[in-house]
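Notes for the one structure printed next.
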2 protein chains.
Amino acid sequence: MRIGDIAEQTGVSTRALRYYEEQGLLSAERTARGQRVYEEPAIERVQLIQQLFAAGLASRTIVELLPCVDTGEASEEALALLRRERDRITESMAELEKARAQLDRVIEISLHPTPEHCPALRTETALRPA
Amino acid sequence: MRIGDIAEQTGVSTRALRYYEEQGLLSAERTARGQRVYEEPAIERVQLIQQLFAAGLASRTIVELLPCVDTGEASEEALALLRRERDRITESMAELEKARAQLDRVIEISLHPTPEHCPALRTETALRPA
DNA sequence: CCTCACGTTGACGTCAAGGGCAAGTCTGCC
DNA sequence: GGCAGACTTGCCCTTGACGTCAACGTGAGG
């Protein structure tokens with residue numbers, strides 16, 4: 001498969017794919033004339049990379065973790081990195097949940113306007129009658 | 001309170017606070033000579049802004065939502081925006097969860113190496129005996 | 001009055017993940 | 001063998017949330 005095929009099947013631009021290669025995230029064989037040739041596992045690989053990007057991992061972090069994903073082995077160092085990133089993700093999820101709760105509260109209030117929280121709704125005071 | 005106090009109490013840099021003002025996220029009175037003066041609610045406000053940033057909202061989006069947060073009222077448009085962002089956050093959380101699961105899997109495997117998944121662990125095939 | 005930390009604006013730098021363009025090359029198909 | 005479309009590298013551009021530096025004003029204590 002050539003780069004355009006991978007782009008089509010993953011929804012990732014060819015520019016991005018070349019960028020991944022540049023960053024050491026994705027490797028490809030080459031034809032005699034220099035064109036990139038991919039095997040099917042590349043699709044899965046690209047999707048994994050996208051997921052990790054979406055989770056806020058930096059390319060430099062991903063490049064350190066991919067070998068572990070491939071071999072199933074992780075040095076102490078790599079293991080620590082894995083755990084740090086996992087914990088960071090967990091924290092991010094908590095942050096997202098809090099932010100979503102804030103938005104939900106505003107949505108609720110704007111849908112059911114009651115005198116108490118009309119003027120200035122504060123997280124704490126809005127719940128008390130005072 | 002002056003800008004340094006807010007910075008200290010929120011952990012947000014003075015540069016960031018001025019940026020927030022520039023973006024219309026945070027307002028401040030001024031002394032006769034032009035120095036910013038904040039009231040205490042500014043602290044809460046800054047923390048809210050940080051939360052929304054952490055949730056991936058852009059400053060332009062936040063600037064549209066803050067009035068709703070203050071008044072508890074939202075136009076149809078604002079309400080739609082609120083819902084879009086809430087849904088986006090929900091999606092992000094799902095993405096994070098998937099990525100975390102991937103990392104957890106790598107951690108598990110590297111901790112309990114077994115022959116099956118040593119060579120190349122694939123999401124699907126790793127579960128089947130092959 | 002001096003000092004010195006703190007404040008001001010303005011402008012430019014950074015960093016990451018690509019976008020986009022140019023100029024040239026390759027491939028597949030008629 | 002010719003053409004269109006896909007591919008190559010190289011390079012600069014973009015966006016957002018600030019960092020950083022410069023050059024200068026402010027204000028409270030000694």
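This one's a predicted model, so the numbers in the text were calculated from it and none came from an experiment. Just so we're on the same page: letters track the sequence lines, and every chain starts at 1.
As a whole-Å value, the separation of B:Glu29 CD from C:dT8 P is 14 Å. In this structure, A:Leu26 places its CG atom 12 Å from P of C:dG18, rounding to the nearest Å. Taking atom CG of B:Leu25 as the reference point, atom C1' of D:dA17 lies 11 Å away to the nearest angstrom. Rounded to whole Å, atom P of D:dA28 lies 13 Å from atom CZ of B:Arg33. Straight-line distance from the CG atom of B:Leu57 to the P atom of D:dG16: 14 Å, rounded to whole Å. Remark: P of C:dA17 and CG of A:Leu52 are 12 Å apart, rounded to the nearest angstrom. Atom C1' of nucleotide C:dG18 and atom CD of A:Gln50 are separated by 11 Å, given to the nearest angstrom. Rounded to whole angstrom, the span from the CD1 atom of B:Ile49 across to the P atom of D:dA17 amounts to 12 Å.
Sequence order on DNA chain D of the closest nucleotides to A:Glu21 and B:Gln23 puts A:Glu21 first from the 5' end. For the pair A:Tyr19 and A:Gln35, nearest-nucleotide mapping onto DNA chain C gives the more 5' position to A:Tyr19.
One finds a side-chain N or O of A:Arg18 lying less than 4.0 angstrom from the OP1 or OP2 phosphate oxygen of D:dT8. Contact annotation: A:Arg36 side-chain N/O to D:dT8 OP1/OP2 distance is under 4.0 Å. At the phosphate of D:dC7, neither OP1 nor OP2 sits under 4.0 Å from any side-chain N or O atom of A:Arg30. Taking only side-chain nitrogens and oxygens, A:Ser13 comes nearer than 4.0 Å to OP1 or OP2 of C:dG19. Not one side-chain nitrogen or oxygen of B:Tyr20 sits closer than 4.0 Å to the OP1 or OP2 atom of D:dA17. Taking side-chain N and O atoms only, B:Thr31 has no distance below 4.0 Å to OP1 or OP2 of D:dT26.
In the set D:dT8, D:dA6, C:dC26, D:dA6 carries the atom at the smallest distance from any side-chain atom of A:Arg2. You'll find that the side chain of A:Ser59 is closest to C:dA17, out of D:dA17, C:dA17, C:dG18. Counting only heavy atoms from C-beta on, B:Ala16 has its side chain closest to D:dC18 among D:dC18, C:dG7, D:dG27. Taking every side-chain heavy atom of B:Ala58 into account, D:dA17 is the closest of D:dA17, D:dA6, C:dT8. For B:Phe53, whose side chain is taken as the heavy atoms from C-beta onward, the closest listed nucleotide among D:dG27, C:dT8, D:dA17 is D:dA17.
Checked for salt-bridge contact, A:Asp104 and B:Arg83 miss the test: no charged N lies under 4.0 Å from a carboxylate O. The pair A:Glu108-A:Arg105 does not count as a salt bridge, with every side-chain nitrogen at least 4.0 angstrom from each carboxylate oxygen. A salt bridge is defined here as a Lys NZ or Arg NE, NH1 or NH2 lying under 4.0 Å from an Asp or Glu carboxylate O, and B:Glu21 with B:Arg18 fails to meet this definition.
Side-chain atoms of B:Thr61 do not come within 3.5 Å of backbone N or O of B:Leu57 as any donor-acceptor pair.
Under 3.5 Å, the side chains of B:Gln9 and B:Tyr38 contain no donor-acceptor pair of N or O atoms. With hydrogens and angles left out, the side-chain atoms of A:Gln35 and A:Arg2 include a donor and acceptor closer than 3.5 Å.
Taking only distance into account, the side chain of A:Arg15 meets the base of C:dG19 through a donor-acceptor pair shorter than 3.5 Å.
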